[in-house]
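Everything on this sheet refers to the single structure shown next.
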Amino acid sequence: MGGSILAAWIKKGYPLKNIFVEEPNPSDWLKKKSDEGLNLNCHQPQDIQYCFLAVKPQSIETIRPILKFLSNKSVTFVSMLAGIEIKRIAEYLGTKEAIARIMPNLPAQVSKGVTALIENEFVKKEKLLELTSLLESFGAVIKLSGENKIDVVTAISGSGPAYIFLMAELMIKEGIKQGLKAEEANVLAKNTILGAGELMIKSDLNPSKLRENVTSPGGTTQAALLHLMEEKNGLPYILSNAVHAAIERSKQLSKI
């Protein structure tokens, strides 16, 4: 996720000389960007305004040295660590450090991401505005009213792209099974999902109404939806259980 955000910033034209990356196992892409001016593994970077924490939650201990170095330097820390609350990050930094939590998602790679944001009381207003602008460079931003909502955001939008990818995968497999060529099934499934998503964004109608509009009584869509919307075995039941499982895992990560 950190790499996706970095790529989006570079694409937007942010100067490489202003970006510092700490990565013990840099990819060839990062090494190339380092040759072009990106600051890679400086260990003690200077004049840092924002520090984005983009490691696995289980690896938070590995970044303790850099956090200790940057604390008490008027840095705004921005955490992408799933399940790790602001108060726990403050234990590593200090109780009066400016800390924000964000939950971006993978479509940030193509500047179509959505990022949820919540900050503590030490993040200054002007810094919050700047941070929001940074996040908007790769998609939409929603400001949460409480940190307790982050687990739900993680399950809906953080993990959500995987649900859509699975849907596309199944549509493609079934298309091939029913006689379509692989290329035909790929184009149909991917562009159907792309078009439906764009329509939801641009339409004044909510998804329920859009679904109703495309469902003719006695038609093919209704025949399919009768299966998908079964109360006990259909998609509503399956998706509800899936989202609940993701929320519970997010909560478990906070205790690691």
Side-chain angles (χ1 to χ4, degrees), residues 1-71 73-84 86 89 92-93 97-119 123 127-143 150 153-154 157-162 164-165 253:
M1 195 66 249
S4 298
I5 291 174
L6 176 59
W9 284 337
I10 293 173
K11 187 176 180 180
K12 284 287 183 179
Y14 288 102
L16 289 174
K17 66 179 182 179
N18 294 344
I19 302 174
F20 294 77
V21 176
E22 291 293 320
E23 173 53 69
N25 300 299
S27 64
D28 290 339
W29 180 77
L30 269 180
K31 293 176 182 177
K32 180 180 177 182
K33 293 305 174 185
S34 177
D35 293 337
E36 296 173 1
L38 177 77
N39 300 281
L40 181 61
N41 293 332
C42 297
H43 303 304
Q44 293 189 346
Q46 304 299 318
D47 301 322
I48 298 299
Q49 299 296 311
Y50 299 92
C51 175
F52 281 74
L53 313 181
V55 300
K56 297 293 185 183
Q58 301 91 328
S59 303
I60 189 171
E61 285 290 340
T62 66
I63 61 174
R64 184 187 282 270
I66 191 69
L67 295 181
K68 184 177 180 180
F69 172 77
L70 291 175
S71 62
K73 290 183 171 62
S74 299
V75 175
T76 299
F77 295 88
V78 186
S79 172
M80 289 182 265
L81 281 63
I84 306 299
I86 288 176
I89 299 169
Y92 290 80
L93 294 168
E97 294 285 354
I99 304 170
R101 279 185 72 185
I102 64 172
M103 178 50 62
N105 66 358
L106 194 59
Q109 286 186 352
V110 291
S111 299
K112 293 291 185 180
V114 59
T115 302
L117 166 66
I118 186 72
E119 78 287 349
V123 178
K127 289 293 186 180
L128 183 61
L129 291 173
E130 285 183 354
L131 174 58
T132 300
S133 179
L134 281 171
L135 301 177
E136 286 177 339
S137 66
F138 49 84
V141 176
I142 63 167
K143 179 73 166 57
I150 283 281
V153 170
T154 300
S157 64
S159 300
I164 306 302
F165 298 152
L253 289 173

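If you're wondering where the values come from, they're calculated on a predicted model, not measured in any experiment.
Interatomic distance, F77 CZ to L67 CG, rounded to the nearest 0.5 Å: 6.0 Å. In this structure, CD in E23 is found 11.0 Å from CG in L6, a value given to the nearest 0.5 Å. Atoms SG and CD1, from C42 and I66 in turn, are 9.0 Å apart once rounded to the nearest 0.5 Å. Separation of atoms CG (L117) and CD (E136) is listed at 10.0 Å; rounding is to 0.5 Å. Taken to the nearest 0.5 Å, the CG atom of L93 stands 8.5 Å off from the CG atom of L70. In this structure, the separation between CD on E61 and CD1 on I63 is 9.5 Å, given to the nearest 0.5 Å.
Pairs engaging residues 48-68 under the ring-ring contact (aromatic ring centres under 6.0 Å, His included) rule: W9-F52 [sequence neighbours left out].
Put simply, the side chain of N39 gets close to the backbone of K17: a donor and an acceptor are under 3.5 Å apart.
Within a 6.0 Å sphere centred on NZ of K143, heavy atoms belonging to other residues, nucleotides or ligands number more than 12. Within 6.0 Å of CG on D47 lie no more than 12 heavy atoms contributed by other residues, nucleotides or ligands.
Inter-residue side-chain proximity for L81 and I89 is flagged as unmet; no heavy-atom pair is nearer than 4.5 Å.
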Show the atom names and distances, to 0.1 Å, of all donor-acceptor pairs under 3.5 Å that link a side chain in residues 98-114 to residues at least two apart or in another chain.
unit_1 : atom_1 : unit_2 : atom_2 : d
R101   : NE     : I84    : O      : 3.1
R101   : NH1    : E147   : OE2    : 2.9
N105   : OD1    : V114   : N      : 3.0
N105   : ND2    : S157   : O      : 3.2
Q109   : NE2    : S4     : OG     : 3.0

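When all heavy atoms of Y14 and S133 are compared, the pair lying nearest together is OH-O, 4.3 Å. Nearest heavy atoms, L40 versus L30: CD2-O, 4.2 Å.
Evaluation of the salt bridge (charged side-chain N to carboxylate O under 4.0 Å, His left out) rule for E97 yields no partner, not counting sequence neighbours. Taking the side chain to side chain donor-acceptor pair (under 3.5 Å) definition, one finds that K31 meets it with nothing, sequence neighbours left out. Considering only residues two or more places apart in sequence or on other chains, K127 meets the salt bridge (charged side-chain N to carboxylate O under 4.0 Å, His left out) condition with none of them. K32 pairs by the salt bridge (charged side-chain N to carboxylate O under 4.0 Å, His left out) definition with nothing, not counting sequence neighbours.
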(Q) side-chain contact (heavy atoms from CB on, under 4.5 Å) for I5 and M80? Distances and angles first, verdict last. (A) CA-CA 11 Å; I5 291 174; M80 289 182 265; 3.5 Å; yes
